[in-house]
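Values below: every heavy atom of this structure, side chains too, minus hydrogens, waters and symmetry copies.
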Amino acid sequence: MLFDDVPFSACLGAGQDRGAPVEREGSLLASCCADREKGSEAVSPVAIVWPCPLAVDAYVAAGRDVAFPRPGCPSCAGPLVFWSGYRRYVRAAGRCRKIFVPRLRCAPCGVSHALLPAFTLAWRLDVAETIGSVLAEVAGGGCGVRPAAERAGVPYETARGWVRRFRARGRELGVAFAALAVELGGAAVTPLAGTGRFALAAVGAAFAAAAGLPGWRRVGAWRFASAVTGGRLIAASTVSPWFVVGRRRFMPPIPP
């Protein structure tokens with residue numbers, strides 16, 4: 001039986017259906033260290049998030065044949081070479097699948113980097129679009145967590161955890177994305193009542209500005225947010241790659 005045919009609840013370990021960490025993954029283009037997962041599917045302690053425009057189904061079907069980018073080492077700017085890889089789970093549209101995540105190795109640094117597609121978020125099973133849809137509805141004041149979770153097809157406790165984390169980091173996220181929007185030539189964002197609403201408005205403004213750059217519009221707002229934050233949009237860690245503001249070092253999408 002194929003894994004894709006298994007209900008999503010069957011692929012979750014204890015606690016994972018309540019928003020607990022699924023992978024020990026790292027940061028953005030700057031790369032932040034994270035713990036290495038124990039077991040046969042250990043992940044790299046350093047990761048890079050790239051703005052993958054592929055649908056999850058297309059990414060899964062392509063497997064190792066995805067046109068992966070090969071950026072310079074975020075630590076020393078040295079050349080990276082592909083070096084094996086691993087598989088991890090993602091959940092999209094109520095289905096769990098395994099995706100292939102390649103590793104790249106820097107010879108000068110001796111460090112390996114996991115190259116994560118931007119539809120993933122660090123320590124989260126669900127794809128960025130699913131998480132983003134819940135955040136937009138709840139933090140934006142459209143509805144409560146329970147109806148948003150039902151529409152997204154995720155457990156209530158998981159969705160509640162996303163919203164709490166987003167609101168807790170709302171001011172930090174709002175200020176950072178608002179600054180990025182201005183840096184990219186977009187409109188300034190006035191802080192709104194409620195940190196969640198402010199963060200949403202700032203993410204939207206930054207993406208609107210980035211959409212004028214080649215390739216970003218088709219990536220979508222929530223994958224853009226994942227790429228800019230290194231998958232840590234709603235992570236507990238406050239280590240942030242906001243150095244991109246003023247230096248525009250986030251990776252461009254691959255042309256179609």
Distance-only donor-acceptor hits, side chain of residues 191-214, under 3.5 Å, sequence neighbours excluded:
unit_1	atom_1	unit_2	atom_2	d
T195	OG1	R167	O	3.1

### Task
Return the set of residues passing ring-ring contact (aromatic ring centres under 6.0 Å, His included) with F119 (not counting sequence neighbours), or none when no residue passes.
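Partners of F119 under the ring-ring contact (aromatic ring centres under 6.0 Å, His included) test: Y59.
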
Contact summary for [X] and [Y], nearest pair of heavy atoms:
X: I48; Y: H113; result: CD1-CB, 4.0 Å
X: V219; Y: P51; result: CG2-O, 3.9 Å
X: A187; Y: A181; result: O-CB, 4.0 Å
X: A118; Y: V49; result: CA-CG1, 3.8 Å
X: A67; Y: W50; result: O-CH2, 4.3 Å
X: V154; Y: A159; result: CG2-CB, 4.1 Å

Point-to-point distance, once rounded to the nearest 0.5 Å, from [atom1] of [X] to [atom2] of [Y]:
X: W83; Y: R103; atom1: CH2; atom2: CZ; result: 6.5 Å
X: E150; Y: Y156; atom1: CD; atom2: OH; result: 11.0 Å
X: T229; Y: F177; atom1: OG1; atom2: CZ; result: 5.5 Å

Salt bridge (charged side-chain N to carboxylate O under 4.0 Å, His left out) contacts in which one or both residues fall within [range], not counting sequence neighbours:
range: residues 138-148; result: none
range: residues 201-217; result: none
range: residues 52-65; result: D57-R97

### Task
Please test V90 against L125 for side-chain contact (heavy atoms from CB on, under 4.5 Å), starting from the C-alpha separation and ending with a verdict.
CA-CA 5 Å; V90 297; L125 177 66; 5.5 Å; no

### Message
Between S226 (side chain only) and W222 (backbone N and O only), is there a donor and an acceptor less than 3.5 Å apart?
### Response
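Checked: no pair found.
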
#### Entry: Any donor-acceptor N/O pair, R223 side chain to C52 backbone, under 3.5 Å
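Yes, because the side chain of R223 sits within donor-acceptor range (under 3.5 Å) of the backbone of C52.
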
Can you find a pair of side-chain heavy atoms, one from [X] and one from [Y], that are under 4.5 Å apart?
X: V111; Y: R105; answer: no
X: P102; Y: V66; answer: no
X: R124; Y: I131; answer: yes

### Query
Is there a chain of hydrophobic side chains (I, L, V, M, F, W, Y, each step under 4.5 Å between heavy atoms) that links L116 to F82?
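L116 and F82: one cluster.
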
Which pairs of donor and acceptor atoms, one on a side chain in residues 135-144, lie under 3.5 Å apart (sequence neighbours left out)?
unit_1	atom_1	unit_2	atom_2	d
E137	OE2	R151	NE	3.0
E137	OE2	R151	NH2	2.7

### Query
For P79, which residues count as a side-chain contact (heavy atoms from CB on, under 4.5 Å) partner, sequence neighbours excluded?
none

#### Entry: side-chain hydrogen bond (donor to acceptor under 3.5 Å, both in side chains) partner of R91, the single match among T130, T158, D126
D126

### Message
Closer than 4.0 angstrom, basic N to acidic O: yes or no for E172 and R169?
### Response
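A salt bridge is present here (some side-chain N lies under 4.0 Å from a carboxylate O).
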
### side-chain contact (heavy atoms from CB on, under 4.5 Å), paired with W162, selected from V134, L233, V145
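So the option named by the test is V134.
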
### Task
Apply side-chain contact (heavy atoms from CB on, under 4.5 Å) to T120 and R88, showing your working.
CA-CA 10 Å; T120 62; R88 63 154 284 179; 3.9 Å; yes

